[in-house]
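Worksheet for the structure shown next.
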Amino acid sequence: MKKRVITLATICLAAASALFCAGSIYKTFAAGGKKNAAATQPKKATTTSRTEPVSSEPPIDIGSLSNKKIGWGQGLRFDSQNRPEDAVSAQNKYGHLNADFIDLSGKKTLYLTFDEGYENGYTAKILDVLKEKNVKATFFVTGDYAKSEPELMKRMIAEGHTVGNHTWKHYSMPEKSLDTCRKEISELHDFVKQNYNYEMTVLRPPMGEFSEQTLAVAKEMGYKTMLWSFAYKDWDAKNPGDPTASLNKLNERLHCGAIYLLHAVSPTNAEILGDFIDHATSNGYKFLY
């Protein structure tokens with residue numbers, strides 16, 4: 001009887017050992033399987049990258065669009081509402097490609113935008129005026145500017161302004177391949193995201209040169225392209241315009257849905273900005289950004 005008990009105990013112990021070993025083998029196999037399966041899954045794109053399309057709309061057949069270069073200017077013909085006729089026409093023609101030349105809502109809205117290719121000592125004063133007047137604006141920066149002016153970049157963002165993409169190297173986009181265009185946008189986008197924790201969503205093509213294809217590329221990457229319905233010769237820092245004459249130009253061309261392009265290198269613009277904001281506000285205009 002005693003011998004039988006020992007035999008049964010031995011059998012039970014052996015069975016338990018076998019079950020333990022089988023369980024260990026299964027766990028090892030399962031873990032290895034999961035590891036191998038994970039290794040074969042494609043990596044998800046990071047949220048900072050704009051190298052891949054992000055639009056939820058059906059993809060555009062970019063190859064079917066024209067790559068003819070258009071050098072944008074608002075023209076000298078104005079309709080009964082003081083709006084540049086060319087801007088109205090361009091908005092109707094290219095608006096479906098997520099491009100803005102003018103706001104056609106008919107409301108008294110106005111967008112202040114500044115191009116920032118380089119710093120000439122006036123952006124801080126412009127920011128001071130905007131803060132004093134409680135007005136927000138859009139600043140389009142290049143790669144060089146984003147790298148060399150961290151304090152101004154941080155101030156723009158901290159004070160609630162929009163920072164826009166003016167591309168990494170300021171190339172004429174229709175003169176480059178579509179892959180280069182994508183890189184020009186994404187390189188600056190990622191740099192600003194990584195260094196300033198800010199995600200840009202609006203683009204101004206360098207020199208205002210675009211094509212249907214480059215507008216479509218920007219849209220594909222989740223960007224709105226913003227051109228303008230007012231600009232004047234204010235980019236020559238060596239020949240700044242007369243403040244009185246310059247202010248009159250800005251005031252005379254007020255129109256509903258206006259997008260003003262100004263250059264922050266101009267001492268004149270820094271000087272007259274407050275007076276222009278006061279004039280537009282007194283005429284019922286609301287500043288958007």
TODO: Would you sort out whether Leu250 and Tyr232 count as a side chain to side chain contact (heavy atoms under 4.5 Å, CB included), showing the intermediate values?
DONE: CA-CA 9 Å; Leu250 270 64; Tyr232 78 120; 3.6 Å; yes
Open item on the list: Checking Leu97 against Ile60 for the side chain to side chain contact (heavy atoms under 4.5 Å, CB included) test, could you report, in this order, the C-alpha distance in whole Å, the side-chain angles of both residues, the deciding distance, and whether it holds?
Closed with: CA-CA 9 Å; Leu97 293 173; Ile60 302 170; 4.2 Å; yes
TODO: Determine, step by step, whether Val135 and Thr281 satisfy the side chain to side chain contact (heavy atoms under 4.5 Å, CB included) criterion, reporting the C-alpha distance in whole Å, the side-chain angles of both residues, the deciding distance to 0.1 Å, and the verdict.
DONE: CA-CA 10 Å; Val135 167; Thr281 302; 5.6 Å; no
TODO: Walk me through it: do Leu273 and Lys133 pass the test side chain to side chain contact (heavy atoms under 4.5 Å, CB included)?
DONE: CA-CA 10 Å; Leu273 180 60; Lys133 302 296 182 180; over 6 Å; no
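The 12-atom threshold is not exceeded at OH of Tyr289, counting heavy atoms of other residues, nucleotides or ligands nearer than 6.0 Å.
Here CG of Asn165 is found 10.5 Å from CD of Glu187. Values are rounded to the nearest 0.5 Å. Distance CZ/Arg83 to CD1/Ile102: 5.5 Å, rounded to 0.5 Å. Atom NZ of Lys169 is separated from atom OG1 of Thr142 by 12.0 Å, given to the nearest 0.5 angstrom. Taking CG of Leu288 as the start and NZ of Lys107 as the end, the distance is 9.0 Å to the nearest 0.5 Å. Separating the CD atom in Glu85 from the OG atom in Ser80 is a distance of 9.0 Å, to the nearest 0.5 Å. Expressed to the nearest 0.5 Å, how far CG of Leu261 lies from CG of Asp234 amounts to 6.5 Å.
Under a cutoff of 6.0 Å and an axis angle of 45°, Arg253 and Phe78 form a cation-pi pair.
A salt bridge between Arg182 and Glu220 is present, with a side-chain N of the basic residue lying under 4.0 Å from a carboxylate O of the acidic one.
With a 4.5 Å cut-off on side-chain heavy atoms, His189 and Glu199 count as touching. Contact of the Phe287 side chain with the Ile277 side chain is registered, since non-hydrogen atoms from C-beta on lie closer than 4.5 Å. At least one side-chain heavy atom of Trp72 sits under 4.5 Å from a side-chain heavy atom of Trp228. Residues Trp168 and Lys183 are not in side-chain contact: their nearest non-hydrogen atoms beyond the backbone lie 4.5 Å or more apart. Residues Phe230 and Leu254 have side chains not in contact (no heavy-atom distance under 4.5 Å, counting atoms from C-beta outward). Proximity of Ile126 to Leu262: side-chain heavy atoms (C-beta onward) are nowhere separated by under 4.5 Å. No side-chain heavy atom of Tyr223 sits under 4.5 Å from any side-chain heavy atom of Asn98. Between Leu152 and Leu127 there is a side-chain heavy-atom pair separated by less than 4.5 Å.
With sequence neighbours left out, the side chain to side chain contact (heavy atoms under 4.5 Å, CB included) criterion links Pro267 to Tyr122, Pro240.
Inspection of the Asp103 and Ser105 side chains reveals an N or O donor paired with an N or O acceptor under 3.5 Å. Tyr145 and Glu119 form a side-chain donor-acceptor contact under 3.5 Å, judged by distance and modelled atom types alone.
Closest heavy-atom contact between Thr167 and Pro206: OG1-CG, 3.2 Å. Across all their heavy atoms, Phe210 and Gly208 have their closest contact at CD2-O, 3.7 Å. When all heavy atoms of Trp235 and Val265 are compared, the pair lying nearest together is O-CG2, 3.7 Å. Smallest separation of non-hydrogen atoms from Met207 and Ser172: CE-N, 3.6 Å. Heavy-atom minimum distance, Lys108 versus Cys256: CG-SG, 3.9 Å. Taking each heavy atom of Lys69 and Glu175 in turn, the nearest pair found is NZ-OE2, 2.6 Å.
Using modelled atom types, one side-chain atom of Asn92 and one backbone atom of Val88 make a donor-acceptor pair closer than 3.5 Å. With hydrogens and angles ignored, the 3.5 Å screen pairs a side-chain donor or acceptor of Tyr196 with a backbone N or O of Ala146. Formation of a donor-acceptor pair under 3.5 Å by the Asn67 side chain with backbone atoms of Pro174 is found in this model. Remark: the backbone N or O of Thr244 is not paired with any side-chain donor or acceptor of Asp275 at under 3.5 angstrom. For Thr225 (side chain) and Leu203 (main-chain N/O), no donor-acceptor pair under 3.5 Å exists by modelled atom type. Using a distance-only test at 3.5 Å, with no hydrogens or angles considered, no donor-acceptor pair links the side chain of Asp100 to the main chain of Met226. Proximity of a side-chain donor or acceptor of Gln74 to a complementary backbone N or O of Ala87 within less than 3.5 Å is not detected. Listed for the Lys233 side chain is no donor-acceptor partner under 3.5 Å among the backbone atoms of Gly241.
Follow the hydrophobic side-chain contacts under 4.5 Å out from Leu178 and you never reach Tyr171; the two are in separate clusters.
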Exercise answer: donor-acceptor pairs, residues 157-164 side-chain atoms, under 3.5 Å, sequence neighbours excluded:
unit_1	atom_1	unit_2	atom_2	d
Glu159	OE1	Arg155	NE	3.4
Glu159	OE2	Arg155	NE	2.7
His161	ND1	Ala137	N	3.0

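A distance of 6.0 Å or more separates the ring centres of Tyr285 and Tyr260.
Using the six-membered ring where Trp is involved, Phe140 and His166 have ring planes that are tilted, between 30° and 60° apart.
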